Trainee: 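Have a look at this one before I ask anything.
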There are 2 protein chains.
Amino acid sequence: MSSLENMLKVIDAFSEEAPVWTVDQLVEGLATSRSTIYRYVKELREAGFLAAVGGGGYILGPRIIELDRQIRHCDPLLTLGRELVTAILPHVGEGIVFICGLLGDDVISVYRRENPNSLDISYSRGRPMPLFRGSASRIILAHLPERRLMKLFLTHRRDIGEAGLGGEWDEFRINLKEIREHPYLSSRAQVDQGVFALSAPVFDGYGNILASLTLAMPEARADTESMEVLAAIIVGGAKCLGGSIAELAEKAGARAARAPAPIRRAV
Amino acid sequence: MSSLENMLKVIDAFSEEAPVWTVDQLVEGLATSRSTIYRYVKELREAGFLAAVGGGGYILGPRIIELDRQIRHCDPLLTLGRELVTAILPHVGEGIVFICGLLGDDVISVYRRENPNSLDISYSRGRPMPLFRGSASRIILAHLPERRLMKLFLTHRRDIGEAGLGGEWDEFRINLKEIREHPYLSSRAQVDQGVFALSAPVFDGYGNILASLTLAMPEARADTESMEVLAAIIVGGAKCLGGSIAELAEKAGARAARAPAPIRRAV
DNA sequence: TCTAATATCCCAATATATAGGATTTCTTTG
DNA sequence: CAAAGAAATCCTATATATTGGGATATTAGA
């Protein structure tokens, strides 16, 4: 077992349910010797990934906040996304606007803003989303390259079936193709009860899917109001965001021909 | 050298100036073999600390966003701080309100909100602050236990002198005592040009310093307006926040007598 | 100042990481 | 669609860092 893996087990222990751990608890939980845990904790603390609280307890440390800041400042999806969301937020009425990105096998929400008095949904920044439920995830999924989809199908066959996306490869493929043929996708209560969501894909300059832009609102609103104007705003916003990112990538590319542009691609 | 340290060197490479790295660049930068770097990158990627972008480039990964989310949700300083800042923001006029916490030897801003059209300062969430400059840092510093201060003085003697806090231990001690005797502290352009800041200390139930609450504004405003009312709001807000945290800690303590309360203490 | 708790140090045994090159997988391009 | 070029992984002997048990030191609390 690699030592990073061991360290990660320590970090993994920290969750919303159990945010504070003592060394003794970690010794018990991870089945390792006391001295080793102390060494781990020391190193993680020196690196800022853990911080001491009173009474021998530890919590996640400031380094994480710092690294998150870096992501917020560097990722074009976030910097440009912020501008875009600010621009469209006044025009969408009650609801929440968020951007989800694909990183590895996770879809996570990387930015979110809401209009006052709207519903509270679980897509808050940093929450890993189910890859096969909700329009925000599915619209990304649908635009992944075929090869990647095959891999996903093989690894997540059960989840895909349960989410109603198809029990066989062909079925799955056809369902996704159907999604791909529309400029946006909506979903109802797939992730949170009582929530209607409307998502559009964000592409880079080469047609690769990068992210999704979503508007979530109470189902009641979706029942009584036409979605056409809203869909147009979201689709337009997603296009615009993709355009800005492509533009930035081009500039970055011109500066450093061999260095890859700081763009998150679906890999 | 521990292997975590090696891994960390990889993470350290990623900065706002250089957010994207290829394996080759890392091999050169860290003076390690290609296969080792590939292994590091692989493990970090599997753990979600790095994510692949096009062309063999890597950026910081989603795990960091996830962990940051956990901190935001678990740390009482943040959850309660959010409420408090929301409450006082409408009453402070032009400027930025933020909370700084001490974790290890770092003071970092953990939460920040601003009123529209105000100045842009560098205290954005996650930014590590100089420990000896700015009222937000100094008010925390001043309330640290003596033993801790001695250590800090020994390790950071030069910084302390340069920041004008004293060249000798006695001088340093007296300066801090002076700060401690007032309910709040103000500073002018110590961190950012043209910025006036006003900070109050946040204590836990035992009188330990936990954090600082700060209002930053343009110097011009501070020159023309009396600070008394604003100081009262900030001092009151800090007291209130400390009270809520102590209350929460007590509740948590009742539930799990032996487990330390999830409270960040100056350690 | 003393005591309990928290944390570090030490060292021999052992498991693990390392580097260098061969091999495989993926991407691009003609 | 095939071949060339990147990117990533695999493989192995050796050197090295990690491990855990207990002794030791440092801190916090009375």
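If you're wondering where the values come from, they're calculated on a predicted model, not measured in any experiment. A, B, ... follow the sequence lines: proteins, then strands. Residue 1 opens every chain.
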Trainee: So does B:Arg173 pair up with B:Asp170, basic N to acidic O under 4.0 Å?
Mentor: yes
Trainee: Side chain of A:Ser33, base of D:dG21: donor and acceptor closer than 3.5 Å?
Mentor: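 Donor-acceptor pair under 3.5 Å: no.
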Trainee: Assess whether a salt bridge exists between B:Arg34 and B:Glu28, defined as any Lys/Arg side-chain N lying under 4.0 Å from an Asp/Glu carboxylate O.
Mentor: no
Trainee: Figure out the CG/P separation between A:Leu44 and D:dT18, and round it to whole Å.
Mentor: 13 Å
Trainee: Given atom CD1 of A:Ile37 and atom P of C:dA7, what is their separation to the nearest angstrom?
Mentor: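 Rounded to the whole Å, the gap is 13 Å.
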Trainee: Out of D:dT9, D:dG22, C:dA19, which has the shortest distance to the side chain of A:Ser35?
Mentor: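 In terms of side-chain proximity for A:Ser35, the closest of D:dT9, D:dG22, C:dA19 is D:dG22.
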Trainee: Within the 4.5 Å heavy-atom criterion, are B:Glu16 and A:Arg69 side-chain neighbours or not?
Mentor: yes
Trainee: Would you mind telling me which of D:dT19, C:dA7, D:dA8 lies closest to the side-chain atoms of A:Arg45?
Mentor: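 Nearest to the side chain of A:Arg45 among the choices is C:dA7.
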Trainee: On DNA chain D, check which nucleotide each of B:Lys42 and B:Arg147 is closest to and give me the residue with the more 5' one.
Mentor: B:Lys42
Trainee: State the CG-CD1 distance between B:Leu141 and B:Ile160, to the nearest 0.5 angstrom.
Mentor: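 Taking CG in B:Leu141 and CD1 in B:Ile160, the distance rounds to 7.0 Å.
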Trainee: Could you state the atom-to-atom distance from CZ of B:Arg34 to C1' of D:dC10 in whole Å?
Mentor: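 Result: 16 Å.
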Trainee: Could you tell me how far apart B:Tyr40 (OH) and C:dT16 (P) are, to the nearest whole angstrom?
Mentor: 16 Å
Trainee: Just the rounded figure in Å: distance from C1' of C:dT18 to OH of B:Tyr38.
Mentor: 17 Å
Trainee: Rounding to an integer number of Å, can you tell me how far B:Arg39 CZ sits from D:dC11 C1'?
Mentor: 13 Å
Trainee: Please state how far atom CZ in B:Arg148 lies from atom P in D:dT26, giving the value in whole angstrom units.
Mentor: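 Going from CZ in B:Arg148 over to P in D:dT26 covers 17 Å.
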Trainee: Between A:Thr32 and B:Val23, which residue's closest nucleotide on DNA chain D lies nearer the 5′ terminus?
Mentor: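 The answer here is B:Val23.
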Trainee: How many Å lie between NZ on B:Lys151 and P on D:dT26, as a whole number?
Mentor: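 For the pair B:Lys151 NZ and D:dT26 P, the rounded distance is 10 Å.
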